[in-house]
Amino acid sequence: MTTSVRFAPSPTGLLHVGNARAAIVNWLFARSRGGSFMLRLDDTDQARSNAEYAARIEEDLRWLGLGWDRFARQSDRLARYQAAAEALRAKGRLYPAYETEEELARQRALRRARRLPPVYDRSALALGAAERARLEAEGRRPHWRFLLEAGSTAWTDGIRGEVRIDAATVSDPVLIRADGTPLYTFCSVVDDIDFGITDVIRGEDHVTNTLTQIQLFHALGAAPPVFAHFALLVGTDGEALSKREAALSLASLRETGIEPMAVASLIARLGTADPVEPRQTLAELVAGFDLSRFGRAAARFDEAELKHLSARILHGMDFARAAPRLREIGLAAAGEEFWRAVRGNLETMADARHWWRVVAGPLAGVIEAPEYLAQAAALLPPEPWGGDVWREWTAALRERTGRKGRTLFHPLRLALTAREHGPEMHNLLPLIGRERAQARLAGRTA
RNA sequence: GACCCCAUCGUCUAGAGGCCUAGGACGUCACCCUUUCACGGUGAAGACACGGGUUCGACUCCCGUUGGGGUCGCCA
C-alpha cells in the first residue's frame, strides 16, 4: 500500500514551531517513501476555528515549501461523521449521557480528591428508557460517548516501540457534543479511514488518544494505521514550548528574517541522532530521513540556534536560489557577483539591502580621517579597473602614507561602506566603482 | 494527585555488559587565512543526575531518589 500521511492542524491559531515539526516530519516521511501528503483542516470546533487562520496555515506551509497532494476540511464532511456515528450506535458502542459540564467537573474533582484517576464512571450506561425520557423532558440534550472495550490496547509505535495502555485509565470519550456536532477524536478516525491514511505521525500529547482511536478503527471495521509519536519540544529553560507560542509562530519567525530552510533544517533534526546542519533544500532533508532516529526525550528548541542556522544557510546559498529572494526585497538588479561578494556577511536576507546601497548607492560614508581619505581619493587608480584594484590602490596608499594594518584599512572601509565589518573590500570595490568611491571618500553621499 | 514516558559534554545525540582513557554535530575557546572585521580552515576544552543492587565486569540490566516531559476536556 502506498504510504499516505496527513498534517491536521486546527485553524484556531497561527502555526508555531511545534505544529511545524509535525508538518515537516510527516512531509519528509511521505517523500522518503514516495507517498502522498495531505493537508486536513480540523475545524469541528466551530467556536474557535476561522477562515483567516486557515488561510494563514496554508500560507505558512507554502513558505516552508511543504506542498500537499490532497486537501480536506472536516466541516465539509459532517454527513460522513453522522453516518459513522449511526454505525457505532447500531453496534451499541455509542451511548447517550446527560451530565452537564459542571456535573462532570465536580465528579472529576471528587475522584482526584480521593486520589483516584479522574475517569468517567459510566453512570449514563445504567440509565433506563424511562429515566432518559424524564431527562429529555427536563430539556436535557445528550452528548454521546464511545464505549471502550475493557483491557489494554497495544501497538508498535514507529518511534516509541511497544506501547500498551489500559482502557481502565481512560474515560469513555465523548464523540458527539450535546449540540450534535462531532469531536476531533472521532472525525479524525473517520477521515483516516476514508482517505486511506497509512501512517499517523504526531506529538506524544496524542498517545492516549491512540488507545481510543485504535478501538474506533476496529469498531468501524477498519484496520488502524501505523502510529508514531515524537517527543515534544521544550524551551531553552526546559519549560513547555506552548507558553511561547505567539513568539514562536512561523509568521513571527518569518518576520524576523528567519529562512524557511533554517526552520526545516532545525526542526527535522532536533531530537534525532542526526546532526543539525544547514540545508538548502527539503530534498536534502528527505535523504536519510528515518523515524527511528528520533529520541524519546523532550528536546530543547533554541531560537538563537535557529538564527545562527539561518545565517549559515544564507552564507551557502547559491545565486540561482537567492535571485528570486533578492527580487522580493526590491533588489532585482543585484547580480551574481554582488551576491557572491556579500552573502557571507548576511544575518538575514534583508541585510543585503545595505550592501546593495554600498555598491549601487546612495550611501553616505563615515569619515574618520579626512586628510588620509583625501590622499586615498587622489591615489584611486583610473578606470578601467582590473580585479586587483583594491590591492594596487592600498599598496600605493601604504607606500605614500606609511600607514598599515587597521589604520590603513579601517578608514577606507568606513568611508566606503559605512560599516565596521563587512565583505572583503577586494570584492566590493570593483562593484562600487571609481566615481562613487571618490565621492564617498570626499564625504559626499553617492 | 493518579497514570505513562524520559534522564550521557552548554545543546541535540551515539552507545543495546567488556570495543568507552565515552564517539559525532551545534555552540564555546585558541590558532591559521584575510596586510582590518566578518566568512572560511585547523585544533582544543567539555558529559555517563544521585543512591543502592545484579555481575568477574555496568554508561549499558534491576530498584529507589531527584529532576524533566506528557495525559487525565461536550479542545485539537
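Convention: sequence-line order gives letters A, B, ...; per-chain numbering from 1.
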Query - Distance, P atom - from B/C48 to B/U60, rounded to whole angstrom - result: 12 Å

Query raised in the report: Do any N or O atoms from the side chain of A/Arg357 and from the backbone of A/Thr417 form a donor-acceptor pair under 3.5 angstrom?
Result: no

Query raised in the report: Can you tell me how far C1' in B/C72 sits from the matching atom in B/A16, rounded to whole Å?
Result: 33 Å

Query raised in the report: So, does A/Arg6 use its side chain to make a donor-acceptor pair with the main chain of A/Val200 at under 3.5 Å?
Result: no

Report task. Would you check if the side chain of A/Trp339 reaches a backbone N or O of A/Met317 as a donor-acceptor pair within less than 3.5 Å? Result -> yes

Report summary line: Winner on side-chain proximity to A/Ala178, out of B/U13, B/C74, B/A76, is B/C74

Query - Residues from residues 154-166 of chain A lying under 4.0 Å of RNA chain B - heavy atoms - result: A/Arg160

Requested in this report: Taking all non-hydrogen atoms of both residues into account, name the closest pair between A/Arg279 and A/Leu285 and its distance.
Outcome: CG-CD1, 3.4 Å

Query raised in the report: Between A/Thr208 and B/C4, is there a side-chain N or O to OP1/OP2 distance below 4.0 Å?
Result: no

Requested in this report: Under 4.0 Å between any heavy atoms, over every strand shown, what does A/Leu116 touch: base, sugar-phosphate, or nothing? Just pick one.
Outcome: nothing

**Report entry** Complementary nucleotide of B/A49, counting Watson-Crick and G-U pairs under 3.5 Å
**Finding:** B/U65

Query raised in the report: Does A/Arg269 have a side-chain nitrogen or oxygen under 4.0 Å from the phosphate oxygens OP1 or OP2 of B/C12?
Result: no

Report task. Kindly say if A/Arg108 contacts the phosphate of B/G73, meaning a side-chain N or O under 4.0 Å from OP1 or OP2. Result -> yes

Query raised in the report: How far, in whole Å, is B/G10 from B/A45 if one measures between their P atoms?
Result: 15 Å

Query raised in the report: Quantified in whole Å, what is the C1' atom distance between nucleotide B/U21 and nucleotide B/A47?
Result: 14 Å

Report task. Could you check which nucleotide pairs with B/C3 in any of the strands shown, counting Watson-Crick or G-U wobble with both distances under 3.5 Å? Result -> B/G70

Requested in this report: For B/C19 versus B/G51, give the span between their P atoms, rounded off to a whole number of Å.
Outcome: 22 Å

Report task. Starting at atom CG of A/Asp205, determine the distance to atom C1' of B/C75, rounded to an integer number of angstrom. Result -> 12 Å

Query raised in the report: Quick one, which residues of residues 280-296 of chain A touch RNA chain B with a heavy atom under 4.0 Å?
Result: A/Arg296

Query raised in the report: Does A/Arg177 place a side-chain N or O at less than 4.0 Å from the phosphate oxygens OP1/OP2 of B/C75?
Result: yes

Query raised in the report: If the sugar-phosphate is the primed atoms plus P, OP1 and OP2 and the base is the rest, what is the B/S/- string for nucleotides 29-40 of chain B, using protein heavy atoms under 4.0 Å?
Result: ------BBBBS-

Query - N/O donor-acceptor pair under 3.5 Å between A/Ser310 side chain and A/Glu259 backbone - result: yes

Query raised in the report: Taking the same atom, P, in B/A7 and in B/U13, what whole-Å distance lies between them?
Result: 9 Å

Query raised in the report: Expressed in whole Å, how much space separates the C1' atoms belonging to B/G46 and B/A25?
Result: 14 Å

Query raised in the report: Hey, is the main chain of A/Arg391 close enough, under 3.5 Å, to the side chain of A/Thr394 for a donor-acceptor pair?
Result: yes

